[in-house]
Amino acid sequence: MPNLITEELAFERLLAGGVVAVPTETVYGLACLAESADAVARVFKIKNRPSDNPLICHFHSVSQISAYVQPLSETEKILFDHFSPGPLSLLLRLNENSPLYPATRSGRTVVVRIPAHPVFLSLLKKINKPIAAPSANTSGRYSAVNTQMVLEDVGALTDGILEGGECVNGIESTIVEVSDKQVTILRPGVIGPDDLQDVLQSNEIDVPVRYGTTEQTTPGTKYKHYAPKTKIREITSPDQFSSDKRVVFISTDEYTSRIQNVHTLSLGSLQYPRQIASALYQTMFKLDQLHADEALIFLPEINNKHWQITIRNRLNKMLSSS
Ligand code: TXA
Ligand code: MG
């Protein structure tokens, strides 16, 4: 595949102010030095990202993060120690005059994460500088979970793609904000409220974990997001689908298996909610490759509250018109 580069080249290009697509355990990221205004500007251009939407920053350790942000609270430390490296992102307050302002769009907060993917983590250690990396997709589109998806979208505009296989989670990190009173989930993702609550409880921290309200969310969530190129509509009952060769039916195994003689795409079985989340973006990619006129999606109720909320969150953004 053209554009694939080695870790050594990725290191050199990032350090020189380039933009490289990198693997993480959630989705691929479009990486650059967080402190470089020029490199950050290129990421915004490649993604066609609204300029008020700050970039998540990646680090190799809590001690590296600590140099850029105000002291972490006990609860933040406990959550980060437990879940990092991994798919938990924290919204933290920056130090005054932070060098991360290009990535945070001059905002006083930063979303940070220590990724668990061995290739990216090793790169972060070698570079030893914060790396801004939003998901490696054009703004509004589904995130890429393998190098082929990166290549079909923003890949050719980058200085290379670092191969790291399929992303094991296939859906983004959970972003949380911690206060004395509660832990707020700003974007639902791989880690659920029960996972967070268990860790808090076992450390005798008695604060509730809540999903944020519509106002308590990340700027990125106000835009249409995660959508395929193909027109997609939701139906609320599988019976609303009538066979049409140019229309693709997307649902879970339980419903796609009932339909014959048309293209169907399955998100997996309702028995495995986590896999439905993992399959979501790949399914949208497969849909786009079919060049159909339209897709209809029927998402049955998922018998797991966190995955229901997370998958619904992505689907609602995908189907929203703005
Ligand atoms: O799993 C992930 O988090 C992936 C991988 C590559 O790390 N990254 C990712 O980036 O999903 P992105 O840009 O697609 O989503 C990050 C979200 C956006 O909704 C953005 O608005 C929000 O984080 N965000 C970033 N910095 C923020 C800040 N300072 N305050 C509030 N929200 C912020
Ligand atoms: Mg994104």
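The figures that follow rest on heavy atoms only: side chains count, while hydrogens, waters and symmetry mates do not. Numbering of ligands and ligand atoms starts at 1, following listing order. Throughout, residue positions are numbered sequentially from 1 according to the sequence presented.
The 12-atom threshold is not exceeded at CG of Asp180, counting heavy atoms of other residues, nucleotides or ligands nearer than 6.0 Å. Applying the 6.0 Å contact sphere to NZ of Lys129 captures no more than 12 heavy atoms from other residues, nucleotides or ligands. Counting heavy-atom neighbours within 6.0 Å of Arg312 CZ, excluding the residue itself, gives a total above 12. Within a 6.0 Å sphere centred on CZ of Phe298, heavy atoms belonging to other residues, nucleotides or ligands number more than 12.
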Any protein N or O within less than 3.5 Å of an N or O in ligand 1? List each pair with its distance, or say none.
unit_1: ligand 1; atom_1: 1 (O); unit_2: Thr26; atom_2: OG1; d: 2.7
unit_1: ligand 1; atom_1: 1 (O); unit_2: Ser173; atom_2: N; d: 2.8
unit_1: ligand 1; atom_1: 1 (O); unit_2: Ser173; atom_2: OG; d: 3.3
unit_1: ligand 1; atom_1: 3 (O); unit_2: Ser173; atom_2: OG; d: 2.6
unit_1: ligand 1; atom_1: 3 (O); unit_2: Arg187; atom_2: NH2; d: 2.8
unit_1: ligand 1; atom_1: 7 (O); unit_2: His58; atom_2: NE2; d: 2.7
unit_1: ligand 1; atom_1: 7 (O); unit_2: Arg113; atom_2: NE; d: 3.0
unit_1: ligand 1; atom_1: 7 (O); unit_2: Arg113; atom_2: NH2; d: 3.3
unit_1: ligand 1; atom_1: 10 (O); unit_2: Ser135; atom_2: N; d: 3.3
unit_1: ligand 1; atom_1: 11 (O); unit_2: Arg187; atom_2: NH1; d: 2.9
unit_1: ligand 1; atom_1: 11 (O); unit_2: Arg187; atom_2: NH2; d: 3.4
unit_1: ligand 1; atom_1: 13 (O); unit_2: Arg49; atom_2: NH1; d: 3.3
unit_1: ligand 1; atom_1: 13 (O); unit_2: Arg49; atom_2: NH2; d: 3.1
unit_1: ligand 1; atom_1: 14 (O); unit_2: Ser135; atom_2: N; d: 3.4
unit_1: ligand 1; atom_1: 14 (O); unit_2: Ser135; atom_2: OG; d: 2.8
unit_1: ligand 1; atom_1: 15 (O); unit_2: Arg187; atom_2: NH1; d: 3.0
unit_1: ligand 1; atom_1: 19 (O); unit_2: Thr218; atom_2: OG1; d: 2.8
unit_1: ligand 1; atom_1: 19 (O); unit_2: Gly220; atom_2: N; d: 3.4
unit_1: ligand 1; atom_1: 21 (O); unit_2: Asn53; atom_2: OD1; d: 2.5
unit_1: ligand 1; atom_1: 21 (O); unit_2: Gly220; atom_2: N; d: 2.8
unit_1: ligand 1; atom_1: 29 (N); unit_2: Thr109; atom_2: O; d: 3.2
unit_1: ligand 1; atom_1: 29 (N); unit_2: Thr109; atom_2: OG1; d: 3.2

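One finds a salt bridge joining Glu25 and Arg113 here, because a Lys/Arg side-chain nitrogen approaches an Asp/Glu carboxylate oxygen to under 4.0 Å.
Among the atoms of Ser135, an N, O or S atom is found under 2.8 Å from the Mg ion (ligand 2).
The ring-ring contact (aromatic ring centres under 6.0 Å, His included) search around Phe249 returns Phe241, not counting sequence neighbours.
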